[in-house]
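Written below as structure tokens is the structure these notes are about.
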Amino acid sequence: MPIFLSAMVQKKVLQKLTNPELEQYLRQDSRFTPEAIKLAAEILEERDRIFTDDEKFRIREIIRTKNEDEERKRLEHEELQKDHITDDPAAIRLHSRELIMFFGLCLGFLSGAVLLSLNLFKLKKYREGTCIIFLGITYSILQYFVVPLLHETKNTGRAAALNRNPELLFAVMGFLLLYFLWLETIKKLPYRKNSLLVPIMIGLLSIFFSYINYYGYSPSYIFVILAR
């Protein structure tokens, strides 16, 4: 919705409130948005509410503080989303986020979870790393049983949009879960990319196990596509 339409809708909603209810928007501890506070003051003025200079200054300060808080939260959110790769030689070496996401999407959630766990072990976050390993195993077991079940459901003609391609569904869910786990555990830590030796070994193991079970279950979405 365009900004001006959103403002019009919000103003119409606020116009239904009584004056005492609108006054609540102008309190120092107001939890409402800057736009809502501004609109509440405008509506009160339209209803012949006269603000003193001190009140106008206080309202402007509330709106300014709210805007600054929202901008700070926006910048913090953007900073959290960034992948903080650096060339600083003093930075710790970790397996990169993009590599973990690639492994999780293409080679199976467990392979990405192992790489993320190795990062956490290196950061001495042993409990988090162990939990993610167990999560990876649990996710793979769930995938092993649920994917055939969804295929059977599809074959009986009761397919929904989500079970037409259950392998892709699990791959995307695993990708998103790894992304969330990275944000929650690694956060804004600057790091350098680690050696590719371990990821290559994990990738080869994943490919090998998928190959020996070529037409059966595979956590790798790539092999599922090739087997078809």
Side-chain angles (χ1 to χ4, degrees), residues 69-144 146-147 165-214 216-227:
D69 288 343
E70 287 192 354
E71 179 65 14
R72 176 180 54 79
K73 290 178 182 177
R74 184 186 67 80
L75 292 175
E76 286 179 354
H77 180 72
E78 289 182 356
E79 189 70 14
L80 186 63
Q81 304 298 315
K82 291 180 182 177
D83 193 7
H84 295 270
I85 298 177
T86 179
D87 294 325
D88 183 359
I92 192 169
R93 287 188 176 274
L94 300 174
H95 301 299
S96 70
R97 185 171 75 181
E98 60 184 13
L99 183 66
I100 291 173
M101 298 298 103
F102 173 80
F103 268 53
L105 181 63
C106 298
L107 299 179
F109 178 81
L110 180 57
S111 60
V114 169
L115 289 179
L116 180 56
S117 296
L118 292 175
N119 281 350
L120 295 174
F121 292 152
K122 196 167 187 179
L123 294 171
K124 298 182 179 180
K125 295 184 177 183
Y126 302 112
R127 184 179 64 180
E128 293 90 337
T130 302
C131 287
I132 290 177
I133 287 288
F134 279 112
L135 177 62
I137 295 172
T138 303
Y139 191 91
S140 297
I141 293 172
L142 182 66
Q143 184 177 359
Y144 177 82
V146 172
V147 167
N165 195 337
E167 294 88 358
L168 177 60
L169 172 63
F170 271 90
V172 173
M173 287 174 56
F175 175 88
L176 296 175
L177 183 55
L178 284 170
Y179 183 76
F180 170 78
L181 290 171
W182 176 281
L183 295 183
E184 288 298 309
T185 54
I186 305 298
K187 295 188 184 292
K188 298 182 287 185
L189 177 68
Y191 70 93
R192 290 181 294 159
K193 288 185 178 182
N194 206 351
S195 166
L196 291 176
L197 178 61
V198 172
I200 289 173
M201 292 174 61
I202 294 174
L204 290 175
L205 280 174
S206 177
I207 292 171
F208 173 74
F209 286 123
S210 295
Y211 177 76
I212 61 177
N213 192 33
Y214 195 83
Y217 163 78
S218 172
S220 169
Y221 184 60
I222 290 179
F223 265 82
V224 170
I225 294 175
L226 292 176

Mark yes when over 12 heavy atoms from residues, nucleotides or ligands other than Phe121 sit less than 6.0 Å from its CZ; otherwise mark no.
yes

Over all atoms of both residues, closest heavy-atom pair of [X] and [Y]:
X      : Y      : answer
Gly104 : Ser111 : N-OG, 4.5 Å
Ala91  : Thr86  : CB-CG2, 3.5 Å
Ser117 : Ile133 : OG-CG1, 3.3 Å
Lys193 : Arg93  : O-NH1, 2.7 Å
Asn119 : Trp182 : ND2-CZ3, 3.6 Å
Tyr191 : Asp83  : OH-OD1, 2.7 Å

Under the 3.5 angstrom rule, does the side chain of [X] hit a backbone N or O of [Y] as a donor-acceptor pair?
X      : Y      : value
Asp88  : Ala90  : yes
Ser206 : Ile202 : no
Arg192 : Asp87  : no

Once you round to the nearest 0.5 Å, how far does [atom1] of [X] lie from [atom2] of [Y]?
X      : Y      : atom1 : atom2 : answer
Leu183 : Lys82  : CG    : NZ    : 13.5 Å
Leu135 : Leu110 : CG    : CG    : 9.5 Å
Leu105 : Leu178 : CG    : CG    : 9.5 Å
Leu205 : Ile200 : CG    : CD1   : 12.5 Å

Just do the side chain to side chain contact (heavy atoms under 4.5 Å, CB included) check on Met173 and Tyr139 with the steps written out, would you?
CA-CA 10 Å; Met173 287 174 56; Tyr139 191 91; 3.4 Å; yes

Could you go step by step and tell me if Phe103 and Leu99 meet the side chain to side chain contact (heavy atoms under 4.5 Å, CB included) rule?
CA-CA 6 Å; Phe103 268 53; Leu99 183 66; 3.6 Å; yes

Between Ile137, Leu120, Leu177, Leu115, which is the residue that forms a side chain to side chain contact (heavy atoms under 4.5 Å, CB included) with Ile132?
Leu120

With a 4.5 Å limit on heavy-atom distance, are the side chains of Gln143 and Leu169 in contact?
no

Quick one: side-chain hydrogen bond (donor to acceptor under 3.5 Å, both in side chains) partners of Glu70, sequence neighbours excluded?
none

With side chain to side chain contact (heavy atoms under 4.5 Å, CB included) as the criterion, how do Leu123 and Thr185 come out once you've worked through the C-alpha distance, each side chain's angles and the decisive distance to 0.1 Å?
CA-CA 10 Å; Leu123 294 171; Thr185 54; over 6 Å; no

Working for side chain to side chain contact (heavy atoms under 4.5 Å, CB included), residues Leu118 and His95:
CA-CA 8 Å; Leu118 292 175; His95 301 299; 4.2 Å; yes

Sequence neighbours excluded - salt bridge (charged side-chain N to carboxylate O under 4.0 Å, His left out) pairs with any residue from residues 108-130
none

